[in-house]
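What follows is a short report on a single structure.
All ligand and atom numbering here is 1-based and tracks the order in the structure.
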Amino acid sequence: MKTNRTANQAYEVNFDGLVGNTHNYAGLSYGNVASATNKGQVSSPKTAALQGLAKMKALADMGLKQGILPPHCRPYLSYAKRIGFLGSDAQILAQLSQAPTYLNALCSASNMWVANAATVTPSADSADGRVHFTPANLATMLHRAVEAPQTAHALRCIFNHPDYFAHHEPLPTYLLRDEGAANHTRFCQTYGDTGVHLFVYGYSEFEGGEKPQKYPARQTKESFEAIMRRHGIAPENCVFAQQHPDVIDQGVFHNDVISVGNQHVLFTHEKAFLEQNRVYQSLQEKCGTSFEIVEVPDAMVSVKDAVSSYLFNSQLISTENGMTLIAPSQCQDNFAVNTYLKHLVIAHNPITDVKYFDLKQSMANGGGPACLRLRVVLTDAELAHLSGNVILTERLYNQLVDWVNAHYRDTLSTDALADIALYNESQNALSELSSLLELDTLYQHTN
Ligand SMILES: NCCC[C@H](NC(=O)CCC(=O)O)C(=O)O
């Protein structure tokens, strides 16, 4: 991990997914404990969106650069048309109401969890010096797989300059199933340096080997190998690690449920990886002596407590005084985790502070602070070439809060998803949003 003295100043910009107005609890994610547990509950799309915006605002107020990724068009009727549901909008919704698997998938607001939107490679790491994006194909589950085309389009709208940004197609097959940045961590000294990439997969389709017995392995090794190749990342800067299949079977459906990294620090659980020592050793070799691992012992926080509190789904951010964990409030309510965190901030390690956020609406579907953000390292020049009005300011925050209050329902049950009124509300809201974000063509392709 070498400091690149000629590099431009670069920033980690967190782009958070703005929660869509159809946020609901349909229990769609097999292997995600919270999603299964809360199936059938009544959601609050308004509260969900406001909780997400409050986190974005707090991070912007801490001096971080905070971006926004827009929600997708839902119910996704143009997708329904592609798979043979024809007629007027009302007729399609009536057919979908008789086909709940499709209805639920096409209404899910799961696109809010943008840690699964894409894998992003900063310009300091790619062979051609551009920022590279591969939208995740999310091929394991229908409600997530339908996200890929709209994600790809939104990324192209925002990062819309060929000199600075390179966009790839989602990977083409289930064998290359890919859930994006939730399974990827980049280490560096400062963000503008050449980074070391930790790619974590659940299963290797070509090599075989151990696999979870109960729940799906949602990321394959081969998908990350393809991304490394197409983004032009030097193989010597990459470490591939297999998630421990036992923890997948305990509800760790993405690596960001059990690890988080930032700059030269990996914060992880003792049971996160197969061959954990080999993984540590490779990272240490590639990252150099400054690399630090903060490993949480199973005896202090069990995998079960990690999954229920989402301790590792925190954001780890750099501040003037060290690193701060942006943690879900559930970490305060879990005795073991709360005790551990009290010890962590006073012990000798780079993590000096924890800030808690109420993200209960998203958490009830298995999405914590880290799931809600996509990290994009950008230089000043790249930031200057973004399109649209997507960096959060005080003014944009206030506009978005007003927009949510004007358009979102206080409560939503899954019984109401085929209601044409909900579709119309969504269409009106998104049309106004594309004006607020100054991205005129954002929703054009969904018609
Ligand atoms: N990174 C966090 C992703 C959470 C997401 N949950 C969901 O899709 C739940 C949707 C539902 O159950 O309605 C998932 O498991 O992929």
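Protein heavy atom in closest approach to atom 13 (O) of ligand 1: Ala26 N, 3.3 Å. The protein non-hydrogen atom at the shortest distance from atom 15 (O) of ligand 1 is Ser29 OG, 2.7 Å. Protein heavy atom in closest approach to atom 6 (N) of ligand 1: Asn365 O, 3.0 Å. The nearest heavy-atom contact from the protein to atom 8 (O) of ligand 1 is His143 NE2, 2.7 Å.
Shown in contact with Gly366 at under 4.0 Å from a heavy atom are these atoms of ligand 1, numbered in order with element: 2 (C), 4 (C). For ligand 1 and Asn32, the ligand atoms under 4.0 Å from any heavy atom of the residue are 4 (C), 5 (C), 6 (N), 14 (C), 15 (O). Residue contact check: Asn116 has heavy atoms under 4.0 Å from atoms 1 (N), 2 (C), 3 (C) of ligand 1. In the vicinity of Cys371, heavy-atom distances shorter than 4.0 Å reach the ligand 1 atoms 1 (N), 2 (C). Residue Asn24 has at least one heavy-atom neighbour below 4.0 Å for each of these atoms of ligand 1: 13 (O). In the vicinity of Ser35, heavy-atom distances shorter than 4.0 Å reach the ligand 1 atoms 9 (C), 11 (C), 12 (O). Near His254, meaning under 4.0 Å from any of its heavy atoms, are these atoms of ligand 1: 1 (N).
Relative ring orientation between Tyr76 and Tyr79 is described as tilted, the plane-to-plane angle lying within the 30° to 60° band. The aromatic rings of Phe159 and His167 sit tilted, their planes meeting at an angle between 30° and 60°.
An N or O contact shorter than 3.5 Å is missing between Tyr25 and ligand 1 by distance. Checked by distance only, ligand 1 and Gly27 come closer than 3.5 Å through their nitrogen or oxygen atoms. Where the criterion is an N or O separation shorter than 3.5 Å, residue side chain and backbone included, Arg144 meets it with respect to ligand 1. Considering backbone and side-chain N/O atoms, Trp113 never comes within less than 3.5 Å of an N/O atom of ligand 1. Not one N or O of Phe253 is nearer than 3.5 Å to an N or O of ligand 1, by distance alone. In terms of polar-atom proximity, defined here as any N/O pair under 3.5 Å, Ser108 makes no such contact with ligand 1. Inclusion of Glu179 in the set of residues having an N or O under 3.5 Å from an N or O of ligand 1 is not warranted.
Phe267 places none of its side-chain heavy atoms less than 4.5 Å from the side chain of Asn262. The closest side-chain heavy-atom distance from Val19 to Pro45 is not below 4.5 Å. With contacts defined as side-chain heavy-atom distances shorter than 4.5 Å, the pair Asp125/Val377 does not qualify.
A search for ring-ring contact (aromatic ring centres under 6.0 Å, His included) contacts involving Tyr11 returns nothing, not counting sequence neighbours.
Under a 4.0 angstrom heavy-atom cut-off, Met141 registers as lying outside contact with ligand 1. Ligand 1 is never approached by Leu138 to a heavy-atom distance shorter than 4.0 Å.
In this structure, a donor-acceptor pair under 3.5 Å is absent between the side chains of Ser362 and Gln51.
At a 4.0 Å heavy-atom cut-off, ligand 1 touches Arg218 through the side chain alone. At a 4.0 Å heavy-atom cut-off, ligand 1 does not touch Asn38 at all.
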- Chi angles and distances behind the side chain to side chain contact (heavy atoms under 4.5 Å, CB included) call for Phe165, Val131: CA-CA 5 Å; Phe165 307 116; Val131 184; 3.8 Å; yes
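Here Phe240 and Phe224 keep their ring centres 6.0 angstrom or further from each other.
Pairs of residues two or more places apart, or lying in two chains, that qualify as ring pair (Phe, Tyr, Trp, His ring centres under 6.0 Å) and include a residue from residues 28-60 are Tyr30-Tyr215.
Between Lys46 and Tyr408, the shortest heavy-atom contact is CE-O, 3.2 Å.
We find that Lys271 and Asp246 are not joined by a salt bridge, their nearest charged nitrogen and carboxylate oxygen being 4.0 Å or further apart.
Atom OH of Tyr340 has more than 12 neighbouring heavy atoms from other residues, nucleotides or ligands inside a 6.0 Å radius.
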